[in-house]
Amino acid sequence: MSVDLPPLREVIARYGLNASKALGQNFLLDQQLLARIARIPGDLQDAEVFEVGPGPGGLTRALLQAGARVTAVERDRRCIPALAELGEAFPGQLRVIEDDALELDTTRLFDGKPHIVSNLPYNIGTALLVRWLSADWLPWWQSLTLMFQKEVADRIVAGTDDDAYGRLAVLAQWRSTAKLAMPVHRSAFTPPPKVMSAVVHITPLAAPVQVDFLTLERLTAAAFGQRRKMLRQSVKGLSGALAALEAVGIDATRRAETLSVADFTATAGAMTA
């Protein structure tokens, strides 16, 4: 859909929307780049999309122009008038909720399964990802297309023996396919952050190994919390972990980064058997 909209810089100036460091805001203004991000999940014509932290609505514009029906959650009330103006330009396509995404029960907002597409505020991105990965499976969402700091994105998609491999990689790759969709240079943001960013695309696996999420989370937190130590040291304080390693045939003198996702799920499964 082609809609004549004012430049984002003009909208930001009109409503005084300087990015808030306290809210982890960095605005993307390049509409070609935003359109590329909106294409990552696939065809969004008449699809439900959930966006966290739309700010002045740059990515929201791209999603609406792709034909999506967007539910956007924004806690910065300064941005609400700009988003309302955008909603008027796309009648019936945009629902804005002024709330904190960490406090909101998002599963009740949708009739179907939305795609989640967000330039996540840096200060809540990881917490939201872990929440979405811990949902009942198959989850309430179709896919995740999320902007992170490049360092965090690398941790999500990393493989065994990679320096970035850790808790986030195991939690994501146990239940889903996680891919680095595109890098985003720091200069694309206003204001430019000190670090590079990247978009990660995550799609759920239909039938992952059945493991208790909290057990796997505790196991990976302990194992990677002291990643340079042998497992027998790093997980000794976690009830049942050493016995579980022995039960599944994993040498406790190994270090966490040498274990595959399957090794971790097998160990977590043995802990609750």
Side-chain angles (χ1 to χ4, degrees), residues 19 23-30 33-42 44 47-64 66 68 70-76 97 99-102 104 106-107 109-110 113-135 137-158 164-186 188-189 193 195-205 213:
L23 295 176
Q25 292 175 332
N26 295 93
F27 299 149
L28 275 175
L29 305 183
D30 184 333
L33 175 61
L34 291 164
R36 287 176 59 198
I37 296 171
R39 287 194 292 269
I40 291 171
L44 293 181
E48 288 188 302
V49 170
F50 179 50
E51 183 185 8
V52 173
L59 180 56
T60 317
R61 290 181 176 207
L63 296 168
L64 294 169
V70 179
T71 296
V73 175
E74 178 58 67
R75 65 174 292 193
D76 185 355
I97 299 172
D99 207 334
D100 185 339
L102 288 172
L104 188 65
T106 51
T107 61
L109 297 177
F110 302 96
K113 292 193 172 189
H115 296 279
I116 302 179
V117 186
S118 291
N119 171 21
L120 290 174
Y122 282 166
N123 54 357
I124 63 170
T126 301
L128 284 172
L129 174 64
V130 172
R131 174 180 295 184
W132 293 330
L133 291 172
S134 67
W137 224 254
L138 286 169
W140 57 273
W141 44 267
Q142 280 195 64
S143 71
L144 306 175
T145 302
L146 306 173
M147 178 88 70
F148 292 100
Q149 294 180 33
K150 179 66 162 52
E151 177 186 354
V152 176
D154 288 341
R155 285 163 50 200
I156 295 166
V157 304
Y165 180 68
R167 168 176 164 267
L168 276 183
V170 176
L171 295 181
Q173 296 172 39
W174 157 49
R175 289 183 143 181
S176 62
T177 299
K179 297 181 179 179
L180 195 65
M182 59 182 284
V184 180
H185 196 274
R186 57 184 296 274
F189 294 88
V195 296
M196 300 298 226
S197 298
V199 179
V200 174
H201 185 57
I202 296 173
T203 52
L205 296 174
F213 184 88

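These values consider heavy atoms only, across backbone and side chains, with no hydrogens, waters or symmetry-generated copies. Owing to the predicted nature of the structure, the values given are computational and were not obtained by experimental measurement.
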Checklist line | Qualifying residue, where the test is side-chain contact (heavy atoms from CB on, under 4.5 Å) with Ser176 and the options are Thr203, Leu171, Ile156, Leu133 | finding: Leu133
Item checked: Student check: side-chain heavy atoms of Leu109 and Ile97 closer than 4.5 Å -> yes
Next item on the list: Spell out, as yes or no, whether a donor-acceptor pair under 3.5 Å connects the side chain of Glu48 to the backbone of Thr71.
Entry: no
Margin query: Working note: Leu146 + Val199, criterion side chain to side chain contact (heavy atoms under 4.5 Å, CB included); need CA distance, chi angles, decisive distance, verdict.
Written below: CA-CA 5 Å; Leu146 306 173; Val199 179; over 6 Å; no
Notebook entry, point to check: Which heavy-atom pair separates Glu74 from Gly55 by the least distance, and what is that distance?
Noted result: OE1-N, 2.8 Å
Next item on the list: Measure from the side-chain N and O atoms of Arg131 to the backbone N and O of Leu102, and report whether any donor-acceptor pair falls under 3.5 Å.
Entry: yes
Check: OG1 of Thr145 to NE2 of His115: how many Å apart, nearest 0.5 Å?
Finding: 8.0 Å
Next item on the list: Can you measure from CG (Asp99) to CG (Leu104) and round to the nearest 0.5 angstrom?
Entry: 5.0 Å
Item checked: Distance (rounded to the nearest 0.5 Å) between Ile116 CD1 and Trp140 CH2 -> 3.5 Å
Next item on the list: Give a yes or no on whether the backbone of Pro204 and the side-chain of Trp141 come within a donor-acceptor separation of less than 3.5 Å.
Entry: no
Check: Of the non-hydrogen atoms in Leu168 and Arg155, which two are nearest, and what is the gap between them?
Finding: CD1-NH2, 3.6 Å
Notebook entry, point to check: What are the two closest heavy atoms between Thr60 and Pro54, and how far apart are they?
Noted result: OG1-CB, 3.3 Å
Margin query: Using modelled atom types and a 3.5 Å cut-off, is there a donor and acceptor pairing between side-chain atoms of Arg186 and backbone atoms of Pro193?
Written below: yes
Check: What heavy-atom pair brings Ser143 and Pro41 nearest, and what distance separates the two atoms?
Finding: OG-CB, 4.1 Å
Checklist line | Any donor-acceptor N/O pair, Lys113 side chain to Pro139 backbone, under 3.5 Å | finding: yes
Margin query: Do Val73 and Phe50 make a side-chain contact, defined as non-hydrogen atoms from C-beta onward lying under 4.5 Å apart?
Written below: yes
Next item on the list: Drop me the distance from Trp132's CH2 to Leu144's CG, to the nearest 0.5 angstrom.
Entry: 6.5 Å
Next item on the list: Kindly indicate, with the supporting measurements, whether the criterion side chain to side chain contact (heavy atoms under 4.5 Å, CB included) is fulfilled by Arg61 and Val70.
Entry: CA-CA 10 Å; Arg61 290 181 176 207; Val70 179; over 6 Å; no
Notebook entry, point to check: To the nearest 0.5 Å, how far apart are OG in Ser118 and CD1 in Ile37?
Noted result: 10.5 Å
Item checked: Value rounded to 0.5 Å, distance of CG in Leu34 from CG in Leu28 -> 5.0 Å
Next item on the list: With the side chain counted from C-beta on, respond yes when Phe148 and Val195 share a heavy-atom pair under 4.5 Å apart, and no when they do not.
Entry: no
Notebook entry, point to check: With distance as the sole test, does Glu51 use its side chain to make a donor-acceptor pair with the main-chain N or O of Val117 at under 3.5 Å?
Noted result: no
